[in-house]
Structures are given as structure tokens and as C-alpha cells.
2 protein chains.
Amino acid sequence: MRQLCMPQGLSPDELPKLEALICSARPVRRGEALYRSGDAFDNLYAVRSGSLKTTMAHRDGREQVTGLRLAGEALGLDGISDDKHACSATALEDSTVCIVPYVALKRLCREVGSMQERLHKLMGEQIVREAAQMMVLGSLSADERVAAFLLDVSERNAQRGYSSAEFNLRMTREDMGSYLGTTLETVSRTLSRFQKRGLIDTQGKFIRIVDLEGLRAV
Amino acid sequence: MRQLCMPQGLSPDELPKLEALICSARPVRRGEALYRSGDAFDNLYAVRSGSLKTTMAHRDGREQVTGLRLAGEALGLDGISDDKHACSATALEDSTVCIVPYVALKRLCREVGSMQERLHKLMGEQIVREAAQMMVLGSLSADERVAAFLLDVSERNAQRGYSSAEFNLRMTREDMGSYLGTTLETVSRTLSRFQKRGLIDTQGKFIRIVDLEGLRAV
DNA sequence: CGGCAAGTTGATGTTTGTCAAGTGGGGTGG
DNA sequence: CCACCCCACTTGACAAACATCAACTTGCCG
């Protein structure tokens, strides 16, 4: 039940309607693109297992990671505005996603108020999350950015019933740097320093938060 | 007609329905807050005249400008996810906004497909715009950020039928710096340098773009 | 188990932030 | 309507944070 796509906040009688909508699941292998910038937009997705990153490219070719999606989170909203995707979505590990056809979802939202509510909140959440990330990029120091990122992932893990204290971050240091508007070296150094200060415990992609309050205070 | 709130892309027979929805307009004076972070979310807004900035505050008090809204643009979507606003909206000059009650709009969206489509696109556009701004903040140099900002405002002016070549930017240098993740001094220096290079012509808040291609090439 | 991508760490350079001083313009009150 | 005052803006000198370049190590994937 926890694993269900686009979950949370639907009353029991509406679940079947949503389930009928989800035609299929799709596996996406590590490094593979679920969709690319410019692709036609037909579906929203929910991460069923694994994790993906979203990236956006500047015209000169520079790419930036604009988001990280963990299991249970929604994906693909960047396609709604223009009928084609503005971002690319790439699997960070072998993953599976549920496919939610957008036209059908729209129809359902017109029939069922709580579905409409749910979709609106989903979009609203992404708007707020991105605004918060703009804050991170615009106002925080490198240390603060890394700390904020770890706390964000930790909290999202907790929300989905996983451990908030330790997790595998499948992004590379370069991905993290890109997402945080800094370089892979700075991320690496910062994590090392956090470890020396006893805030975290890192072993490559595995991260354990040792001193939560300390991290918050960075 | 151009001035109508939440315009563009509605068929003639739907306009009256939307107009019935817009209960009222509201003046907001320069420096006054239309809403503040934490305020209950009841309405969306459309800027009828003037301009506003949206800001978000970190817990330690640091504030960052997260958006600029010009006449014709929508405002308030940051409240949908949590039933209270995540950002504050402050008028940059004496302005007026149209008030669109959200509950009523939701109902209308369930009745009229094109209204639903319009609202979705509005939210989708903001998602994409914010992602693009994350790119700006994360990947571009100070010069590139300022250039990108000027081009963005120019383009938005053009879209709404105003001059893309010259405009009054009612933000202060500090607001611009905050929005661009830099300082007011850097913004000021950059604008001066652009002027010396013959890219723009600035006189305080008035800006004229002299060499569009040059700006794009920064 | 071998090879290569990812990660770590150090030395150095550049961009941008910070502090400071001075100028200018617009709004308010006389 | 004018003048004053304050806030915004400009510009310079200096400092710090972070990027860049480089060499080396680790560990993961095939």
C-alpha cells in the first residue's frame, strides 16, 4: 500500500479509479533517460523504486541538475506547460516508475474533487520546493548548501517511512555539486570536513547522519 | 481586453464565467505586502497594473527574492501546497491585482476543461521558470546572470505587448542582487560595465537594451 | 580480477563578497 | 514649487570563499 503510485490523501473509494488509470509500470536502468528535454509530454510518473535526477541544459550545453526524485515521489510536471518536457529525467540506479497518462488524469481530476486537489498540491509542492532551492542556491554558503541538502534528503526519507539517519545517495559528487551550484571538489571537501567534525559518517555514497542538530546549525 | 486578468487562451464563451469569478480588484501600494509568508491561502491573483516581487525567508532571517511579477502575470501559486503562503508578495510600485478565489476557481476548472488546462499550464510554467532560475543561480557567472535577467524581463515585456527594448525595472539593485544570488554592488558594477561595452543604456531604474545580440552572447 | 570512473586531497588563482566613501535622485514637507 | 534629506546607487580597495588544475587513491562494474 505504501508503495502505491501517487499515494497519500485519497479516500478508499477513489483508489480504484486511480489504479485503473495507471496503465503500466516501466523499468529504467541506471543511466538511462526516462524522458529527455524536448520529448513530447504524455505522462506523469511516480517513482516506484530507485531514484532519478532531473536536469536542464543551457543553450551552450552546460547541464545542471534541477532535482532528485526518490521512491514515492512524482516526476514529469515540467512537461505540462509546453506539451513537451523542459527537463530530462535520468535514473541514478536501476529504477521503476508508474506511468500516469496525463489526459486521463486530467479527466479524472474533473470528475473527482479530491484527485484535482491532489494534483494541485503536487504541483504546488514542486513550486515551493523549487523556490526553496532557489534560496539555497542564492543565499547559502557551500557548507550550508551541503547541510541543507543532506537534511532535505533525510526528511524526505523519513516522510516515506525510511530511515532519516542513514541512506544511500546514488548521485555522484558531481551531480550533487551541480544541484548545489558548486563543484564536485567542494562537495567532497565539505563532506570530509563534516565527517571530521562528527556531523556525519560517509563511505562513498552511503551517508549516516550522526549529529542532526549539529547539521542544522551549520 | 489585453488587460484582462488571467488572460490568453480562453474561448469567448468562457470569458464571462471567469469574469464572474473575479470578485474584485485590490490596490497594493509600493512597499505594501499583498500577502506574507504564513498567511492563509484563499486567492490567486493576477497583476493588473504595476509589479511585485515574491520573497522567501530562511529561518535565520535571511530573505531572498524568488520572483518578479509584471502586469498580466499570475501570483499566489505558492500557497496551494499547504493552504498557506510559502512566499511573501510585495509591491515594487503602486499596483493593482485581480483577486481570484481559489475554491471557486477549482470548481470552475472541474466544469470547464479549458479553464483546467489554463490553470495547469500556469502552474507548469512557474515550475519551468523556477527550474530555469535554478540553472541561472547554479551555473552562470555574475555577468551571465545579469544578462539573463535583462533578457528575461525584455522577453516578458514583449509577450505582453510592451517594449522589449526599454523598460522601467522597479526593483532596487539589492532586489536584483538577491534574485540573482549576488550582491547589489556586483549588479551595479555589471550594469556599468555593460553600459561601457555598449550593450545597454541605464539611468537608474530605466533600462534600454542597445545590443540584444551582444547581451545574448555575454 | 582488471580497468576506469568516481572520489579525495593539496596548491594556486580568480571571481565575487565585504567594507567604505562619496554621489545622485526622488519624494515629502515646508 | 522648491529645497532638503534620505535612500539608492556607484565606485574603489581589499579579503575571502570557492573554482581550477593536478596527482593520487578507492571502489565499483563488467
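Numbers restart at 1 for each chain; the letters A, B, ... are given by sequence-line order, proteins then strands. All figures in this text were calculated on a predicted structure; none of them were measured in a lab.
The nearest whole Å value for the distance from the CZ atom in Arg30(B) to the C1' atom in dT28(C) is 13 Å. Regarding Met176(B), its CE atom lies at a distance of 13 Å from the C1' atom of dT10(D), rounded to whole Å.
Counting atom types as modelled, Arg189(A) pairs a side-chain N or O with a base atom of dT20(D) as donor and acceptor under 3.5 Å. Looking at Glu185(A), its side chain comes within 3.5 Å of the base of dC21(D) through a donor and an acceptor atom. Interface remark: the Glu174(B) side chain does not form any donor-acceptor pair with the dC7(D) base, using a distance-only criterion of under 3.5 Å.
Contact between the side-chain N/O atoms of Ser192(B) and the OP1/OP2 oxygens of dT10(D) is not found at any separation under 4.0 Å. Within the structure, every side-chain polar atom (N or O) of Thr172(A) is placed at least 4.0 Å from both OP1 and OP2 of dA6(C). Residue Ser141(B) places no side-chain N or O under 4.0 Å from the OP1 or OP2 atom of dT15(C). Look at Thr186(A) and you'll find a side-chain N or O under 4.0 angstrom from OP1 or OP2 of dA19(D). Put simply, Thr183(A) has no side-chain N or O that comes within less than 4.0 Å of OP1 or OP2 on dC18(D). At the phosphate of dG26(C), neither OP1 nor OP2 sits under 4.0 Å from any side-chain N or O atom of Lys205(B).
Across all strands shown, Gly31(A) has no heavy atoms under 4.0 Å from either base or sugar-phosphate atoms. Counting non-hydrogen atoms under 4.0 angstrom, Leu184(A) reaches a base of the nucleic acid.
With Ser37(B) contributing its side chain and Ser88(B) its backbone, the two residues share no donor-acceptor pair below 3.5 Å.
A heavy-atom distance below 4.5 Å is found between the side chains of Asp143(A) and Arg193(A).
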